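One-based numbering, in listed order, for ligands and for the atoms of each. Every heavy atom of this structure was used, including side-chain atoms; hydrogens, water molecules and symmetry mates were not. Being a predicted model, the structure only gives us computed values, none of them experimental.
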Amino acid sequence: MATRVRPSSKRCAVIGGSGFLGRHLVEKLLDRGYSVSVFDIRQSYELPGVTFYQGDLCDKQALLAALKDVSLVFHCASPSPASDDRALFERVNIQGTQTVIQTCIESGVQRLVLTSSASVVFEGTDVKNGREDLPYAKKPIDYYTKTKIEQEKLVLKACDKQKGFLTVAIRPHGIFGPRDPQLVPILVDTARRGKMKFIIGDGTNLVDFTFVENVVHGHILAAERLRADSPICGKPYHITNDEPIRFWDFMSQVLVGLGYPPPRYHLPYSLVYGLALLLWLLSVLLSPLISFKPTFTPMRVALAGTYHYYNCKRAKEDLGYTPVVSLKDAIARTIESYPHLRCEA
Ligand SMILES: NC(=O)C1=CN([C@@H]2O[C@H](COP(=O)(O)OP(=O)(O)OC[C@H]3O[C@@H](n4cnc5c(N)ncnc54)[C@H](O)[C@@H]3O)[C@@H](O)[C@H]2O)C=CC1
Ligand SMILES: CC(C)=CCC[C@@H](C)[C@H]1CC[C@H]2C3=C(CC[C@]12C)[C@@]1(C)CCC(=O)C[C@@H]1CC3
């Protein structure tokens with residue numbers, strides 16, 4: 001009878017490893033002595049110690065090759081929230097995640113760490129110090145959030161101590177840091193187009209922005225504590241900087257750090273939200289004729305004008321998590337990393 005060779009616990013795969021968070025995770029795993037396979041639809045870099053597998057995570061055959069002899073898998077792939085493509089989100093985040101789970105089980109993978117999102121409980125209204133036991137959003141504000149909820153449910157439900165397949169979900173919020181393709185570039189682009197003059201609402205809404213290295217730290221702690229006797233099996237964990245900040249103070253600090261003026265004038269939240277909703281409806285209705293992507297989507301306006309910060313006590317207690325980089329240092333390092341986005345005037 002053929003015996004299955006137990007894969008080394010230092011061999012892991014990062015699905016979505018070409019992305020912003022994925023690459024930071026890969027770099028830290030290498031530092032910690034792991035050998036890493038990256039599975040992604042694109043290859044964005046090369047690094048010694050990393051084997052790349054290019055493919056779509058919905059393609060089981062392609063995934064099987066990447067997960068061979070791997071004991072630990074991180075799943076941090078997702079289409080960008082900016083795409084707003086319902087069919088794509090459903091295919092990749094729901095069906096694709098089912099494929100990831102099945103392929104992990106068939107390949108003898110023992111631990112799966114999912115990058116979920118704290119937004120799975122966000123419905124566009126204030127969340128203050130939200131804990132993991134808040135219910136999932138009943139009316140998710142966009143397809144991205146809707147499919148992240150389904151994805152998290154699938155992964156946590158698949159946790160099976162009897163079969164030796166253990167899962168956990170990390171819920172980060174507002175990830176930022178060097179090489180982020182979203183937050184700072186969107187902010188600077190909006191500023192360069194002269195649209196960063198206004199504060200939506202009274203500007204006092206607190207939000208979590210989480211430095212990418214803290215998010216990576218949370219993932220690795222979860223992976224290394226994921227054992228059959230641990231309380232973390234099948235549970236979600238908020239990972240934040242644990243320093244909520246006013247959304248508009250954070251934006252202003254980044255803008256000023258890069259040489260742009262901070263926003264100054266206030267606009268009522270409900271007015272801007274209503275306009276964003278109208279623009280979104282128009283973009284859907286007119287999509288057969290013209291294609292335009294509004295900067296001010298309802299989700300973005302909600303993120304900019306409400307409270308959304310989360311309690312990470314569960315991660316502190318069960319994972320031994322504390323942020324490794326403070327918000328002040330994180331903002332300074334992020335600003336330094338974008339010399340090409342500085343204001344030239
Ligand atoms: N950036 C943020 O603020 C937050 C991100 N997250 C989650 O963190 C994870 C990573 O996000 P980021 O690094 O910011 O995004 P990213 O867009 O930089 O990385 C995602 C990666 O997934 C890959 N990918 C997409 N579809 C794929 C497919 N069908 N097959 C294989 N690979 C595919 C992309 O090529 C990309 O490299 C995502 O799951 C996201 O939902 C959660 C909370 C906040
Ligand atoms: C905390 C959190 C979940 C942040 C997510 C990152 C992005 C969703 C933000 C990054 C830059 C932000 C931004 C806006 C909305 C939210 C972001 C896209 C605005 C469009 C909000 C309205 C404005 O006045 C312009 C802003 C530009 C930057």
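- Under 4.0 Å from ligand 1, heavy atoms of Ser78 appear from its side chain as well as its backbone.
- With ligand atoms numbered from 1 in the order given, ligand 1 contributes 6 (N), 7 (C), 40 (C), 41 (O), 42 (C) to contacts under 4.0 Å with heavy atoms of Tyr144.
- If you number the atoms of ligand 1 from 1 as listed, the ones under 4.0 Å from a heavy atom of Val92 come out as 29 (N).
- In plain terms, the two heavy atoms of Gly259 and Cys343 that are nearest each other are O-CB, 3.4 Å.
- Checking side-chain atoms of Arg342 against main-chain N and O of Gly257 turns up a donor-acceptor pair under 3.5 Å.
- The SG atom of Cys233 lies 4.5 Å from the NZ atom of Lys161; values are rounded to the nearest 0.5 Å.
- An N or O contact shorter than 3.5 Å links Phe20 to ligand 1 by distance.
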Q. Can you check side chain to side chain contact (heavy atoms under 4.5 Å, CB included) on Leu303 and Phe122, steps first, answer last?
A. CA-CA 9 Å; Leu303 287 172; Phe122 184 65; 4.0 Å; yes
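- Interface atoms of ligand 1 facing Gly55, defined by a heavy-atom separation under 4.0 Å, are 30 (N), 31 (C).
- Ligand 1 has an N or O atom lying under 3.5 Å from an N or O atom of Leu21, backbone or side chain.
- Not close to ligand 1: Gly96, with no non-hydrogen atom less than 4.0 angstrom away.
- Side chain to side chain, His75 and Thr115 fail the donor-acceptor criterion of an N or O pair below 3.5 Å.
- Near Ser18, meaning under 4.0 Å from one of its heavy atoms, ligand 1 places the atoms 37 (O).
- In terms of N/O distances under 3.5 Å, ligand 1 is approached by Ile175.
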Q.
For a side-chain hydrogen bond (donor to acceptor under 3.5 Å, both in side chains) check, start with the C-alpha distance between Gln151 and Thr97, then their side-chain angles and the critical distance, and finish with the verdict.
A. CA-CA 6 Å; Gln151 178 190 54; Thr97 297; 3.2 Å; yes
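- Taking the six-membered ring where tryptophan is involved, the planes of Tyr45 and Phe52 are perpendicular, since the angle between them exceeds 60° and thus also 30°.
- Ligand 1 has an N or O atom lying under 3.5 Å from an N or O atom of Gly19, backbone or side chain.
- Using cut-offs of 30° and 60° on the angle between ring planes, the pair His238 and Tyr310 is perpendicular.
- At a 4.0 Å cut-off, at least one heavy atom of Cys76 sits close enough to ligand 1 to count as contact.
- A salt bridge between Arg193 and Asp189 is present, with a side-chain N of the basic residue lying under 4.0 Å from a carboxylate O of the acidic one.
- For the pair Arg42 and ligand 1, the shortest N or O to N or O distance falls below 3.5 Å.
- The contact set between ligand 1 and Asp56, taken as ligand atoms under 4.0 Å from a residue heavy atom, comprises 28 (C), 29 (N), 30 (N).
- Remark: ligand 1 atoms within the under-4.0 Å shell around heavy atoms of Thr115 are 7 (C), 8 (O), 9 (C), 39 (O).
- Interface of Lys148 with ligand 1, defined as ligand atoms under 4.0 Å from a residue heavy atom, comprises 38 (C), 39 (O), 40 (C), 41 (O).
- By heavy-atom distance, the residue among Thr99, Leu25, Asp40 lying nearest atom 23 (C) of ligand 1 is Asp40.
- Contact annotation for Ser116 and ligand 1: only backbone heavy atoms (N, CA, C, O) come within less than 4.0 Å of the ligand.
- Note on ligand 1: Ser119 sits outside its first shell, no heavy atom being nearer than 4.0 Å.
- Note on Arg333 versus Glu213: salt bridge recorded, some NZ/NE/NH1/NH2 to OD/OE distance being below 4.0 Å.
- At a cut-off of 3.5 Å, with distance as the only test, a side-chain donor of Arg192 or Tyr260 sits close to an acceptor on the other residue.
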